[in-house]
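Take a look at the structure below.
Values below: all heavy atoms of this structure, side chains included; hydrogens, waters and symmetry mates excluded. Just so you know, these numbers come straight off a predicted model, no measurement behind them.
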Amino acid sequence: MTTPPVLYLIATAAGPTHHIDDGIQAAQADGWDVHLVLTPTAARWWEPRMAELETLTGHPVVWEYRVPGQDVRGASSLPKASAIVVAPITTTSACKWAAGITDTAALGIVAEAVHMGVPVAAMPFWNEALYAQPAVRAAEETLRGQGVRVVFGPGEPHPPKSGRDKLFPWKLAFDAVRPA
């Protein structure tokens, strides 16, 4: 029996993260063994229902760095990734990642992995006003220059206050890292 490829699904605090369970199910339907990593803010959104995500994936949800010597479910509990998808990614997380700021487990994991040969895709959920910021465009180009596959779904970036988070096209990001 073949083991499925391991996908780290990293979600930041953007609207579609409220529907991360849909993203997990879409990845599983594509044959991935999904390990979920959340930014601290995204983890707070899901805190009352975190057990649902752990049941759905069959793995602990990672949202913080492991403190050396402490028995917590941190970043060190993850198996080796076959691929990583950061979706949805906010402009804040994209700018921090591009600048090398790894103050969360979510950003630390992906910032390192992209330079270790792991296929990485990022799917923004950005409004047009934030995307107009020069720092955001520069971050996008920096990430692309590092080999990150930045994938914009239909209608992205979207007009402010009009994002359709329930319709986030998860499969586009998974397809971007699918093994050949």
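- Judged by distance alone, the side chain of Tyr8 and the main-chain N or O of Leu36 form no donor-acceptor pair under 3.5 Å.
- Listed for the Arg164 side chain is no donor-acceptor partner under 3.5 Å among the backbone atoms of Gly155.
- Expressed to the nearest 0.5 Å, how far CZ of Arg49 lies from CD of Glu54 amounts to 13.5 Å.
- Val86 and Val6 end up in the same hydrophobic cluster when Ile, Leu, Val, Met, Phe, Trp and Tyr side chains are linked at under 4.5 Å.
- Contact detail for Phe174 and Ala27: the closest heavy-atom pair is CE1-N, 3.5 Å.
- Contact check for Gln28 versus Pro4: no side-chain heavy atoms found under the 4.5 Å cut-off.
- The hydrophobic clustering, which links ILVMFWY residues whose side-chain heavy atoms are closer than 4.5 Å, places Val114 and Leu78 together.
- Pairing each heavy atom of Trp97 with each of Ala111, the nearest pair is NE1-CA, 3.6 Å.
- Within the 3.5 Å criterion, the main-chain N or O of Thr12 finds no donor-acceptor partner in the side chain of Thr90.
- For the side chain to side chain contact (heavy atoms under 4.5 Å, CB included) with Val177, the lone residue among Leu7, Val118, Val151 that qualifies is Leu7.
- Put simply, CD1 on Ile109 and OH on Tyr65 are 7.0 Å apart, with the number rounded to the nearest 0.5 Å.
- When each of Val61, Ile24, Ile20 is paired with Leu56, the side chain to side chain contact (heavy atoms under 4.5 Å, CB included) condition holds for Ile24 and for no other.
- Between the side chain of Thr17 and the backbone N or O of Ala13, no donor-acceptor pair lies under 3.5 Å.
- For Glu112, the CD atom sits in a loose shell: 12 or fewer heavy atoms of surrounding residues, nucleotides or ligands are nearer than 6.0 Å.
- When the shell of 6.0 Å around CD of Glu47 is examined, it contains 12 or fewer heavy atoms from other residues, nucleotides or ligands.
- How far CG of Leu9 is from CG of Leu53: 10.0 Å, rounded to the nearest 0.5 Å.
- Atom-to-atom distance recorded for Trp170:CH2 and Asp30:CG is 13.5 Å, nearest 0.5 angstrom.
- For His59, the ring pair (Phe, Tyr, Trp, His ring centres under 6.0 Å) criterion is met by His35, not counting sequence neighbours.
- Using a 4.5 Å heavy-atom cutoff, the side chains of Trp46 and Asp21 are in contact.
- Here the CE atom belonging to Met123 is positioned 13.0 Å from the CZ atom belonging to Arg149, to the nearest 0.5 angstrom.
- In this structure, Pro154 and Pro169 have side chains that are in contact, with non-hydrogen atoms separated by less than 4.5 Å.
- Within the 4.5 Å cutoff, the side chain of Leu38 has heavy atoms near those of the Met50 side chain.
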**Request:** Take Arg137 and Glu141 through the test salt bridge (Lys or Arg N to Asp or Glu O under 4.0 Å) and record every step on the way to the result.
**Result:** CA-CA 6 Å; Arg137 300 275 178 122; Glu141 289 309 309; over 6 Å; no
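- Here the shortest heavy-atom pairing between Gly163 and Phe125 reads CA-CZ, 3.6 Å.
- Considering every non-hydrogen atom in both Ala139 and Ala94, the closest pair reads CB-O, 3.7 Å.
- The heavy-atom pair separating Thr39 from Ser93 by the smallest distance is CG2-OG, 4.4 Å.
- Contact of the Pro40 side chain with the Thr104 side chain is registered, since non-hydrogen atoms from C-beta on lie closer than 4.5 Å.
- The side-chain contact (heavy atoms from CB on, under 4.5 Å) search around Val136 returns Thr91, Cys95, Trp126, Tyr131, Gln133, not counting sequence neighbours.
- Separation of atoms CG (Asp22) and CZ (Phe168) is listed at 11.5 Å; rounding is to 0.5 Å.
- Residues Phe152 and Leu172 fail the side-chain proximity criterion, which asks for heavy atoms closer than 4.5 Å.
- When all heavy atoms of Pro88 and Pro16 are compared, the pair lying nearest together is CG-CB, 3.8 Å.
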